[in-house]
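On a predicted model such as this, the values are computed, not experimentally measured, just so you know. Below, all heavy atoms of this structure are taken into account, side chains as well, without hydrogens, waters or symmetry copies.
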Amino acid sequence: MRSRFEIDVDGRVLAVEVSGAPDGAPVFLLHGTPGSRGGPKPRNSLLYRQGIRLISYDRPGYGGSTRLPGRRVADAARDVNAVADHLGVERFAVVGRSGGGPHALACASLLPHRVERAAVLVGLAPSDADDLDWYGGMSETNARKHSAADRGAEELMQEMRALVEQTAADPESLIEELRTQMSGPDLRFMQSVMYRRLLVASYADALRLGPYGWVDDVLAFRGDWGFALDTIVPPVRLWHGAHDTFSPASHSRWLAERIPRAEVVVQHGAAHFAAMEVLPRMLAWLTTA
């Protein structure tokens, strides 16, 4: 089963996709930055075998979802809550990949009555994280986008406009741009034609209406997230590739020390994009009673 539809959330359109087993254990997958509801995920056949109903949506400003200027990371909880209500799902798990990680933690913090478990793959720590070299180990290009956000939305828009326009015209070009920032494990991972195809399709869908979702994500990461990590009640599992140059593994280690019921796995010989391979194992953990 794979279905796509739109719902109304406070007058905004939210584009949603549901795949896997219709009566399976519900799991929300929060996509990366940039990304879309159609981003890399396990095949329907694997989701059926795992007994999982996978729910994803375009964050505001991406793909088919209306932009929400000034959104905070915490606003993801409202959108996930609305989608769950629409689907008649009372309890669920949530997993965020890369830029989806902070948004998954927002759901775990702000929806403790609904979120049973949460997972973060190659996530980010808050920009004001104490005792963390936030940019340490991060590629210069990625660090430049985040530092531009500290100078305001217009500065960030200028920093990203040309890249997004080029990506909209040729989505494969974003992969080539990212390759210049990758460590060895990610370069090897990108030799997979299948994963490249999935990423290209996701980027094309995410940015078809412009840079706004990407810009608003980065602004949200650099601002106040709108919740406290020590309020997270459900169990949390964090995974990170040791050689990640987009969101360094130090971020997950830092998070694990501040989330009450968190555990962290840092995998050597892996980097950022290996999170796509790890996802099925994390889904199994999320749906284990």
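For the pair Leu279/Leu29, a side-chain contact is recorded, criterion being any heavy-atom separation below 4.5 Å from C-beta on. Annotation: side chain of Pro40 is in contact with side chain of Arg97 (closest heavy-atom distance under 4.5 Å). In this structure the side chain of Asp10 reaches within 4.5 angstrom of the side chain of Arg78, judged on heavy atoms. Counting only heavy atoms from C-beta outward, the side chains of Thr66 and Val9 never approach each other to under 4.5 Å. When side chains are defined from C-beta on, Pro34 does not count as touching Thr167, because their heavy atoms never get closer than 4.5 Å. Arg53 places none of its side-chain heavy atoms less than 4.5 Å from the side chain of Asp23. Leu255 is listed as a side-chain neighbour of Leu105, based on a closest heavy-atom distance under 4.5 Å. Residues Thr287 and Gln50 fail the side-chain proximity criterion, which asks for heavy atoms closer than 4.5 Å.
Side chain to side chain, Ser56 and His31 fail the donor-acceptor criterion of an N or O pair below 3.5 Å. With no hydrogens or angles considered, no side-chain donor-acceptor pair links Ser139 and Asn142 at under 3.5 Å. With hydrogens and angles left out, the side-chain atoms of Ser98 and Thr33 include no donor and acceptor closer than 3.5 Å. For the residue pair Ser252 and His240, a side-chain donor N or O sits within less than 3.5 Å of a side-chain acceptor on the partner.
Note: Arg91 CZ to Leu111 CG = 10.5 Å, rounded to the nearest 0.5 Å. Atoms CD and NZ, on Glu140 and Lys145 in that order, are 11.0 Å from each other to the nearest 0.5 Å. Within the model, atoms OG of Ser250 and CG of Asp133 stand 7.0 Å from one another, a figure rounded to the nearest 0.5 Å. Between the CE atom of Met138 and the CG atom of Asp244 there is a distance of 8.5 Å, given to the nearest 0.5 Å. From Phe5, atom CZ reaches atom CD of Glu17 across 9.5 Å, with rounding to the nearest 0.5 Å. Here the CZ atom belonging to Arg197 is positioned 10.0 Å from the CD atom belonging to Glu172, to the nearest 0.5 angstrom.
Within the 3.5 Å criterion, the main-chain N or O of His272 finds a donor-acceptor partner in the side chain of Asp186. Within the 3.5 Å criterion, the main-chain N or O of Ala125 finds a donor-acceptor partner in the side chain of His251. Without hydrogens or angle criteria, Arg59 side chain to Gly32 main chain gives a donor-acceptor distance under 3.5 Å. Between the side chain of Ser202 and the backbone N or O of Leu198, no donor-acceptor pair lies under 3.5 Å. Put simply, the side chain of Arg114 gets close to the backbone of Glu90: a donor and an acceptor are under 3.5 Å apart. The closest donor-acceptor contact from the side chain of Arg261 to the backbone of Val233 lies under 3.5 Å. Between the Thr245 side chain and the Gln181 main chain, a donor and an acceptor come within less than 3.5 Å of each other. A side-chain donor-acceptor contact under 3.5 Å links Thr288 to the backbone of Ala284. Judged by distance alone, with hydrogens and angles left aside, the side-chain atoms of Asp8 form no donor-acceptor pair with the main-chain N or O of Val13 at under 3.5 Å. Between the side chain of Arg222 and the main chain of Pro126, no donor-acceptor pair closer than 3.5 Å is present.
Heavy atoms only, all atoms of each residue included: Ser19 and Lys41 are closest at OG-CD, 3.7 Å. The minimum heavy-atom distance linking Arg117 with Trp285 is given by the pair NH1-O, 2.7 Å. A pairwise comparison of heavy atoms in Ala74 and Ala106 identifies CA-CB, 3.9 Å as the closest pair. For the residue pair Pro211 and Met157, the shortest heavy atom distance occurs at CG-SD, 3.6 Å. Nearest heavy-atom pair, Leu30 versus Tyr57, reported as atom, atom and distance to 0.1 Å: CD2-CE2, 3.5 Å. Ala242 and Ala249 get closest at one heavy-atom pair: CA-CB, 4.3 Å.
In this structure, Ile259 is a member of the same hydrophobic cluster as Val73, with clusters built from ILVMFWY side-chain heavy atoms closer than 4.5 Å. Side-chain heavy atoms closer than 4.5 Å link hydrophobic residues (I, L, V, M, F, W, Y) into clusters, and following such links, possibly through other members, connects Met282 to Val122. In this structure, Leu178 is a member of the same hydrophobic cluster as Val215, with clusters built from ILVMFWY side-chain heavy atoms closer than 4.5 Å. Follow the hydrophobic side-chain contacts under 4.5 Å out from Val95 and you never reach Val264; the two are in separate clusters. Cluster membership for Val164 and Leu199, using ILVMFWY side-chain heavy atoms within less than 4.5 angstrom, is shared.
Applying the ring-ring contact (aromatic ring centres under 6.0 Å, His included) test to His103 and every residue at least two apart in sequence or in another chain returns Phe221. In this structure Tyr135 satisfies the ring-ring contact (aromatic ring centres under 6.0 Å, His included) test with no other residue, sequence neighbours excluded. Shown here are the ring-ring contact (aromatic ring centres under 6.0 Å, His included) partners of Tyr48, two or more places apart in sequence or in another chain: there are none. Taking the ring-ring contact (aromatic ring centres under 6.0 Å, His included) definition, one finds that Phe92 meets it with Phe28, sequence neighbours left out.
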*Determine, step by step, whether Arg281 and Val265 satisfy the side chain to side chain contact (heavy atoms under 4.5 Å, CB included) criterion, reporting the C-alpha distance in whole Å, the side-chain angles of both residues, the deciding distance to 0.1 Å, and the verdict.*
CA-CA 12 Å; Arg281 299 203 303 272; Val265 174; over 6 Å; no

*asked:* Walk me through whether Leu187 and Arg179 qualify under side chain to side chain contact (heavy atoms under 4.5 Å, CB included).
replied: CA-CA 7 Å; Leu187 288 170; Arg179 280 172 59 86; 4.2 Å; yes

*Test Leu286 against Ile52 for side chain to side chain contact (heavy atoms under 4.5 Å, CB included), laying out the working first.*
CA-CA 10 Å; Leu286 286 166; Ile52 291 170; over 6 Å; no

*Should Met182 and Phe189 be marked as a side chain to side chain contact (heavy atoms under 4.5 Å, CB included) after you check the CA-CA gap, both sets of side-chain angles, and the distance that decides it?*
CA-CA 10 Å; Met182 291 179 186; Phe189 187 85; over 6 Å; no

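Considering Asp217, Asp216, Asp79 in turn, Asp217 is the only one that fulfils the side chain to side chain donor-acceptor pair (under 3.5 Å) rule with Arg71.
Residue pairs meeting the ring-ring contact (aromatic ring centres under 6.0 Å, His included) criterion with at least one member in residues 144-173, sequence neighbours excluded, are Trp134-His146.
The existence of a salt bridge linking Arg72 and Asp75 is excluded, since no basic side-chain nitrogen approaches an acidic carboxylate oxygen closer than 4.0 Å.
In this structure, Arg43 places its CZ atom where only 12 or fewer heavy-atom neighbours from other residues, nucleotides or ligands lie under 6.0 Å away.
The hydrophobic side chain of Val193 is isolated, with no ILVMFWY side chain under 4.5 Å apart from it.
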